Amino acid sequence: MPSKPRVIYWFRTDLRLHDSPALKAALDLKPECLYPVWCWDPHYVYRARVGPNRWQFLKINKKSKLFVVREAPQTVLPKLFKAWKISHLVFEKDTDAYARDRDESINKEAKAAGVEVIMKMGRTLYDPDELVKRNHGKPTMSISQVEKAAEKLEVAKPVPTPESLPDPGDTNIDFEPTQPSPDPDFNDIQRHAPDKSYHKLSGPNGDFAPPTMSELGLKEATSQHRGGESVALKNLEKIIFDADYTATFSKPQTAPTAFNPQSTTLLSPHHHFGSLSVRLFYWRIMEVLEKYPKNKQSTIPTNLIGQLLFRDMYFAAQATLGYSFAQTVGNSHCRFVPWHLPSKIDPANNLITASYHIDSEEAEIWFQRWKWGKTGFPWIDAVMRQLRTEGWIHHLARHAVACFLTRGGCYISWERGAEVFEEWLVDHEVSCNSGNWQWLSCTAFYAQYYRCYSPIAFPKKTDPNGDYVRHYVPELQKLPAKYIYEPWKAPIQDQKKAGCLVKGEDVGEEGGSRVYPKPMFDFNERREICIEAMKNAYHVGLYGDNKKVLDGTWKELFSDSAEGPTEGKKEEGMNGADSDIGEHADDGEGEEKKKKGGQQSPSKQTAQKRKGQGTLDGHVNGGKGKKRKT
DNA sequence: CCGGCGGTTGACATT
DNA sequence: GAATGTCAACCGCCG
């Protein structure tokens with residue numbers, strides 16, 4: 001081993017120079033040379049473009065840069081250890097299920113190569129494992145649990161931004177690249193041309209440049225949102241400068257219909273990529289709160305601090321439950337509801353695969369119409385179109401479309417919706433996304449399934465004129481406000497005058513007029529059906545780790561009906577009063593409840609590589625002014 | 001064992 | 001127009 005440390009600083013979810021405890025640890029080694037490395041990991045979904053690798057490094061050291069190595073970290077890092085005579089590997093801790101597997105494998109390789117590994121927590125306010133420990137080893141399922149667990153912990157103060165960086169050493173690569181398997185291709189959905197990014201380890205010009213969109217076979221970005229540390233810090237300053245906004249922020253009071261500008265901070269993509277430290281954000285908020293009149297401040301959980309705590313809550317819940325947290329099957333804390341379009345399960349490991357069962361043609365049609373913003377409900381369609389083209393939607397808009405797809409409309413598995421969000425959201429985190437979908441589908445975290453978001457009444461509260469809809473569903477632009485959320489009610493004369501006919505099941509054009517579809521169902525009718533079905537599913541009381549869920553015998557506990565095998569539409573006796581099924585259900589409930597109340601056995605599922613739960617961690621921020629996101 | 005209460009963010013009617 | 005109450009009734013926690 002060389003006398004002076006030769007260090008790889010492996011970037012993952014900490015794409016910043018400010019407040020990076022891992023980077024600080026790397027520099028504290030006083031290394032002879034430092035290689036800032038990004039490994040192009042085929043496990044991740046890439047929607048964002050990696051900007052030119054000039055980046056902040058150049059400001060500090062012109063010889064340094066981000067080395068983007070186009071190979072999975074598990075295979076390439078061991079080779080780099082040798083080629084670059086590395087003594088230390090430093091990276092940020094990541095408690096995502098896949099990340100834990102990956103890092104375990106990297107740790108082993110490093111040990112074998114005599115490379116010392118240093119791992120530092122930097123992604124969340126608190127170390128998720130520490131929160132879990134202080135929550136008695138159980139997943140954090142409410143904010144009060146998080147607060148209690150964090151009572152004696154302190155949010156770390158930001159570490160200073162380095163003022164100098166050591167040069168990297170030689171960058172010769174004298175080994176053969178390992179091509180990733182083309183199957184599964186996590187980016188398949190987004191690709192329109194073959195992936196050429198892996199052809200040469202250091203990129204086509206040998207300069208370790210990040211792949212371009214065209215190399216990746218991805219279309220150019222349509223989003224106006226920009227990545228990068230400098231953008232993140234600038235946006236943070238804008239928020240902190242407005243003390244009233246920062247101190248009185250209350251999530252439920254923010255308008256999901258607001259755009260340009262939006263009503264929330266839009267810092268979540270930066271937290272996702274790591275271009276903004278959550279702890280810096282936390283302490284900057286705290287500074288404002290200290291000076292602001294206490295009685296005028298908003299409070300946890302609706303204030304800005306509360307938003308960060310929710311993020312930590314989901315991270316810690318996932319840290320406990322691992323892969324099972326992102327699905328129903330095997331998830332000890334997620335209620336089983338016999339949704340339409342359930343995921344196919346890999347029997348080898350009980351993990352969801354990328355495909356699902358089409359148990360109902362109608363549900364599949366509803367799902368596609370939801371995904372592509374053609375449900376015939378303008379509010380839902382506007383949100384889904386904003387999501388698809390811009391990659392970010394307001395938190396309450398997420399609520400509305402998630403409720404609509406699951407318990408408040410389509411009765412389709414939340415896993416279908418979570419996958420769509422994973423494809424399209426620029427701020428996607430496995431833990432927050434899975435957790436919020438469970439919340440909204442009332443399968444975990446939240447239980448008041450009779451509270452449904454109306455696609456008509458809800459947006460009306462903050463946007464009676466429908467400006468948001470007019471922007472994202474331009475075919476309805478000229479429709480009178482009276483009909484903007486219910487265009488099917490507009491008289492034909494008004495439709496003609498507005499240049500938009502409301503008919504059929506698709507958007508299109510007809511005789512110089514635009515066509516917007518009729519609603520795909522009667523919302524109030526569907527709402528009733530769903531609530532009844534949810535009531536029944538709660539009554540049956542199965543959780544994802546129940547044997548019956550795994551072996552399919554759950555079907556015996558649910559009554560059939562004309563509407564679908566499991567929606568409980570037909571009979572009133574579903575809540576156990578007058579049928580055999582009801583009796584079973586009663587027994588089932590008692591049993592399951594007792595089990596829940598007692599000691600939870602943690603999911604025994606072994607952590608195996610999975611093929612269905614890609615994450616978006618792999619995105620790298622674009623450089624300034626560069627387009628990112630599909 | 002019971003009841004009360006809180007739970008980030010519902011809809012609708014009434015004041 | 002904002003604030004409050006009612007609707008029907010979920011879970012988990014606390015006393």
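Throughout, a chain's letter reflects where its sequence line sits, starting with A, and its residues are numbered from 1. Only a predicted model underlies this, so the values are computations on that prediction, with no experimental measurement involved.
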Less than 3.5 Å apart, any donor N or O on the side chain of A:Gln145 or A:Thr140 sitting next to an acceptor on the other?
no
Using whole Å, report how far CZ of A:Arg527 lies from P of C:dA8.
11 Å
Are OP1 or OP2 of B:dA11 and a side-chain N or O of A:Lys461 less than 4.0 angstrom apart?
yes
Contact class for A:Tyr446 (heavy atom, under 4.0 Å): base, sugar-phosphate, or nothing?
sugar-phosphate
Over all strands shown, is A:Lys148 touching base, sugar-phosphate only, or nothing at heavy-atom distances under 4.0 angstrom?
sugar-phosphate
With centres under 5.5 Å and planes under 30° as the test, does A:Tyr450 stack with C:dC10?
no
Figure out the CD/P separation between A:Glu528 and C:dA8, and round it to whole Å.
11 Å
Applying a 4.0 Å non-hydrogen cut-off, can you work out what A:Ser454 is touching in the nucleic acid: base, sugar-phosphate, or nothing?
sugar-phosphate
To the side chain of A:Tyr543, which of B:dC12, B:dT8, C:dG12 is closest?
C:dG12
To the nearest Å, give me how far apart CZ (A:Arg407) and C1' (C:dC11) are.
14 Å
Classify A:Tyr449 by what it touches in the nucleic acid, base, sugar-phosphate, or nothing, heavy-atom distance under 4.0 Å.
sugar-phosphate
For the pair made of NZ in A:Lys251 and P in B:dT9, what is the distance, rounded to whole Å?
12 Å
Tell me whether the centres of the aromatic rings in A:His333 and A:Tyr543 are closer together than 6.0 Å.
no
Please determine whether the number of non-hydrogen atoms from other residues, nucleotides or ligands lying under 6.0 Å from atom NZ of A:Lys234 exceeds 12.
no
Could you check whether the side chain of A:Gln448 and the base of B:dG7 have a donor-acceptor pair of N or O atoms closer than 3.5 Å, going by distance alone?
yes
Could you state the atom-to-atom distance from CD of A:Gln253 to C1' of C:dG1 in whole Å?
15 Å
To the nearest Å, how far apart are A:Ile143 CD1 and B:dT9 C1'?
13 Å
Please determine, for the side chain of A:Ala447, which listed nucleotide (C:dC13, C:dC11, B:dT9) has the closest atom?
C:dC11
Sticking with atom C1', work out how far B:dG6 lies from C:dA9, rounded to a whole angstrom.
14 Å
Between A:Trp414 and A:Phe421, is the ring centre distance below 6.0 Å?
no
Side-chain ion pair, A:Asp127 and A:Lys93, N-O less than 4.0 Å:
yes
Between C:dC10, B:dT8, B:dT9, spot the one nearest the side chain of A:His399, thanks.
B:dT9
I need the NZ-P distance between A:Lys138 and C:dG12, as an integer number of Å.
11 Å
Span that lies between the P atom of C:dT6 and that of B:dT8, in whole angstrom:
24 Å
Among C:dC11, B:dG10, C:dA9, the one nearest any side-chain atom of A:Lys535 is C:dA9
The nucleotide from B:dT8, B:dG7, B:dT9 with an atom nearest the side chain of A:Gln307 is B:dT8
Complementary nucleotide of C:dC14, counting Watson-Crick and G-U pairs under 3.5 Å:
B:dG3
Taking the ring of A:His270 and the ring of A:Phe281, is the distance between their centroids below 6.0 Å?
no
Atom pair distance, as rounded to whole Å: CG in A:Asn303 and C1' in B:dT8
10 Å
A:Arg451 has a side chain; which of B:dT8, C:dC10, B:dG10 sits nearest to it?
B:dG10
Residue A:Pro252, side-chain atoms from C-beta onward, closest of C:dC10, B:dT9, C:dA9
B:dT9
Nucleotide forming a Watson-Crick or wobble pair with B:dT8, both distances under 3.5 Å
none
